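Step one of this worksheet: look at the structure below.
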Amino acid sequence: MNLHPRVSPQDRPIAVEIRVRGRVQGVGFRPTVWRHARELGLAGEVLNDADGVLVRVAGGEATVAAFIQRLEDEPPPLARIDRIETRTFADPLPDEFRIADSIAGVAHTQVAPDAAICPACAQEVVDPFARRYRYAFANCTHCGPRLSIVQGIPYDRASTTMAPFAMCDPCRTEYRNPSDRRFHAEAIACHACGPKAMLVRLDGRAVSFDQHSMLDDVDAVCGLLQKGEIVAIKGLGGYQLACDATNVDAVARLRRSKRRERKPFALMARDLDVIRRYCAVGAEEERQLAGPQGPIVLLRAQGPEQLSEAVAPGLATLGFMLPTTPLHLLVLRRMNRPVVMTSGNFSDEPQVIDNAEARERLGGIATYALIHDRDIANRVDDSVVRVMDGRARVLRRARGFAPAPIRLPDGFAATPELLAMGGELKATFCLVKDGEAILSQHQGDLEDAATHDDYTRNLALYRRLFDHTPTALVADRHPEYLSSKLARARARAEALPLIEAQHHHAHIAACLVDNEYPLGAPEVLGIVLDGAGWGDDGTIWGGEFLLADYRGYRRVGTFKPVPLLGGAQAVREPWRNLYGHLMAEIGWPAFAMNFSQLEVHAWLAAKPRATLDAMAKKRINAPPASSCGRLFDAVAALLDLCRERQAYEGEAAARLEAIVDEDTLRHEDDALGYPLGIPNLRGSGLPYVEPLAMWQAILGDLILQTPVPVIAARFHIGLARVIVAMTRKLARRDEGTARFDTVALSGGCFQNRILFEEVVRRLEAEKFVVLSHARVPANDGGLALGQAAIGAAHLIAINTHQQGNKPCASGFPDGS
Ligand SMILES: [Zn+2]
Ligand SMILES: [Zn+2]
């Protein structure tokens with residue numbers, strides 16, 4: 001298809017070298033370049049080197065310009081072009097455009113994230129006349145496994161778990177053909193040469209195939225699901241457990257046997273039509289569901305049909321994904337209803353990835369398993385995304401997103417290689433190299449021993465994959481975080497400097513990086529609302545207003561510190577926070593006198609109050625915590641949404657959000673939102689959020705038998721209002737020059753859609769610039785990125801200082 005003459009009279013012949021930077025390796029970039037060049041009749045070559053892709057072309061000036069335009073307009077689906085630079089070129093070029101060998105010693109090897117099945121492959125596996133009809137491992141340069149199969153660098157077949165599969169001749173021909181979309185697709189495979197899926201029984205007995213009417217082993221799974229069986233499926237990044245989501249008995253059995261009491265189950269559906277029967281799907285949500293990352297998308301449960309309460313107890317959202325691999329697509333093809341697709345593990349342990357382990361560990365949950373013989377090199381969980389305030393926000397960053405690098409903002413180019421170790425829950429770690437941050441996939445909670453082992457194993461793997469040698473380590477200041485302990489041990493062993501970052505400062509820094517906020521730009525007000533983080537005064541922080549940049553911070557406001565009765569136990573048992581708050585605000589005599597007719601009075605009276613009071617008084621196992629998360633717990637406990645015990649982290653807050661009456665939220669007079677004050681703390685004089693009047697108002701509403709959904713709405717509005725009032729107070733706009741005009745929102749509480757959207761709307765109405773999380777989680781999953789930026793800012797400041805330049809006015813608390 002050569003529509004363009006090589007050189008027209010207006011088309012002066014030129015030769016240029018084009019440098020393309022960004023995510024351009026391992027994503028089918030060279031064949032795309034090749035195709036465009038051939039179609040335009042250009043001569044030259046394309047190759048990979050240490051800086052990305054290098055193209056040299058000769059042809060008419062206008063044609064070359066059109067060629068560059070095409071590269072920008074039509075890159076391959078998984079590519080991301082950061083920059084294109086051109087310069088004229090004089091050396092001779094081949095007449096016929098060709099793909100040249102890569103220049104050896106590529107140091108920049110990029111390991112791409114796993115990508116959901118592309119439309120072409122999806123079409124192929126359901127086409128009875130295609131060579132890969134019903135082939136569960138079809139993939140191409142635009143889709144398929146990457147991080148989950150890679151064991152080393154450079155990224156080619158030999159360093160993946162595809163190494164044992166020798167390509168057959170037809171596959172090899174495709175692999176070598178630049179016009180084929182499988183050109184250099186390292187995981188290329190077909191029925192003849194690739195991995196195979198097998199249906200087995202986990203109890204060791206043989207599968208009796210005559211029982212099932214089916215096309216093949218994969219199709220048989222659909223029949224089993226329809227009959228109410230729980231089936232273990234070896235997915236892309238780990239084993240999953242599947243059952244018919246409309247089968248109440250199957251869902252209940254899965255909950256019991258997996259020991260997952262109430263945490264919501266993820267769902268998978270064949271297509272959007274099935275999802276729309278249960279959920280409202282907006283345009284951005286649809287884009288996320290169908291995108292190459294293929295995450296679980298949290299959707300509002302609202303449609304003509306309903307799933308049983310057991311799928312997501314007490315919540316108003318359902319987490320849906322579409323089939324992301326040919327295997328899932330083929331399993332679900334005949335399934336006209338949603339399927340639970342949850343991680344294959346017991347409660348909070350990491351997902352099983354190994355076939356032998358699956359037999360041992362999952363046999364008690366599922367009778368059947370769909371296994372296959374391609375090893376999973378790296379465990380990669382499903383990612384979770386939620387659309388809030390019109391934008392997709394990553395809540396859990398794993399499959400499809402990691403390990404795509406995140407470019408550090410302007411000012412960070414000179415950062416030496418460093419490693420940030422993250423937090424404790426939802427742990428991730430982060431490497432910095434060449435001005436980019438490589439944030440690991442979600443690892444899980446480090447207090448679980450198996451997760452901890454995985455975390456250390458993955459640290460070693462990433463170090464290999466990215467050829468990374470840190471010159472410094474960054475960790476949270478919390479003395480007991482396992483990641484901090486590891487960092488300290490490693491800093492000692494390798495004689496590396498250790499930088500300790502304050503938890504909430506790291507949250508803000510993560511938000512700043514997420515928004516490409518430059519190093520050296522003015523301070524922002526960071527509002528960090530979360531469960532708990534180690535504060536500088538040895539108390540627990542979790543509702544903080546910090547004036548901050550990457551280099552340092554000042555705490556300028558907080559939430560009221562209330563004793564955490566029982567320490568960690570108070571995190572699990574919401575009623576402890578309710579009792580702590582009521583005693584700190586009202587005291588038992590006043591509570592008993594005014595509210596004894598409320599059932600919660602008798603409920604709390606039955607608790608060991610004397611012990612609790614003594615703990616609070618003597619400060620034994622009752623550390624003061626200025627935590628917004630615990631305030632949510634306390635309110636949820638009062639409303640009996642989740643009182644005795646949380647079955648998973650954040651359950652109480654999630655239920656409180658879920659029950660909010662949208663009508664009250666939108667139409668009720670704002671003034672009915674509960675009042676929270678902003679007095680100053682005794683001693684420090686720090687302004688803080690005082691909930692006393694709010695408690696009195698809620699208790700009053702309970703006496704009046706105000707519906708709980710209305711109370712929940714008033715609580716969210718009151719909280720949003722006081723956060724904005726605090727911001728206004730701290731900005732001091734009335735004193736001539738405002739202290740800040742930009743506000744960064746971070747912390748897990750901002751994954752609450754209602755609180756987040758209310759705060760953003762109100763701040764923007766007052767003309768504050770609001771920065772919020774989108775690419776990295778607002779919760780502790782983003783912590784490592786913020787730590788990395790803080791560490792980088794620190795090291796850059798030291799280097800600048802050592803070079804005799806003006807030292808940075810930092811006030812950076814040096815923890816090393
Ligand atoms: Zn494909
Ligand atoms: Zn083959």
Side-chain angles (χ1 to χ4, degrees), residues 23-35 74-80 111-150 155-158 160-198 216 218 235-237 270-271 287 289-295 321-333 372-375 380 399-401 404:
R23 190 201 304 159
V24 290
Q25 294 183 1
V27 292
F29 206 87
R30 289 176 305 156
T32 304
V33 171
W34 181 88
R35 206 184 67 233
E74 303 166 43
L78 299 182
R80 189 201 68 227
V111 178
D114 302 295
I117 185 168
C118 73
C121 287
Q123 184 51 44
E124 204 174 350
V125 298
V126 299
D127 174 4
F129 302 104
R131 199 162 74 80
R132 291 185 178 81
Y133 175 55
R134 295 200 63 80
Y135 184 54
F137 304 92
N139 67 85
C140 71
T141 49
H142 309 321
C143 75
R146 300 283 195 284
L147 177 63
S148 60
I149 59 167
V150 69
Y155 178 73
D156 59 24
R157 193 176 180 95
T160 69
T161 55
M162 281 301 292
F165 301 94
M167 269 181 235
C168 67
D169 286 339
C171 282
R172 186 170 301 281
T173 305
E174 292 167 336
Y175 181 85
R176 287 181 174 161
N177 177 4
S179 67
D180 194 285
R181 76 172 197 284
R182 295 197 167 91
F183 177 72
H184 279 260
E186 301 300 344
I188 187 173
C190 74
H191 284 293
C193 68
K196 287 176 180 49
M198 281 154 288
D216 51 34
V218 175
L236 190 75
R270 182 178 69 183
D271 53 33
R287 220 174 60 81
L289 284 164
Q293 289 88 12
M321 57 186 152
L322 289 171
T324 52
T325 73
L327 182 118
H328 290 102
L329 185 137
L330 294 168
V331 166
L332 266 76
R333 191 152 158 69
H372 63 72
D373 52 355
R374 184 178 75 199
D375 287 341
V380 190
R399 177 176 54 73
F401 294 99

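Since this is a predicted model, take the numbers as computed values, not measurements. Remember, it's 1-based here, ligands and their atoms both numbered in the order they're listed.
Centred on the Zn ion (ligand 1), the SG atom of Cys121 and the SG atom of Cys118 lie at an angle of 110°, reported to 10°. Here the Zn ion (ligand 2) is the vertex; the SG atom in Cys171 and the SG atom in Cys193 give an angle of 110° (to 10°).
Taking 2.8 Å as the threshold, Cys190 counts as a candidate ligand of the Zn ion (ligand 2), since one of its N, O or S atoms lies below it.
Thr173 contributes atom OG1, which lies 9.0 Å from atom CD1 of Ile188 (distance to the nearest 0.5 angstrom).
Using a 4.5 Å cut-off on side-chain heavy atoms (C-beta onward), Asp114 and Val380 make contact. The shortest distance between side-chain heavy atoms of Glu186 and Ile149 does not fall below 4.5 Å.
Taking the ring-ring contact (aromatic ring centres under 6.0 Å, His included) definition, one finds that His184 meets it with Tyr175, sequence neighbours left out.
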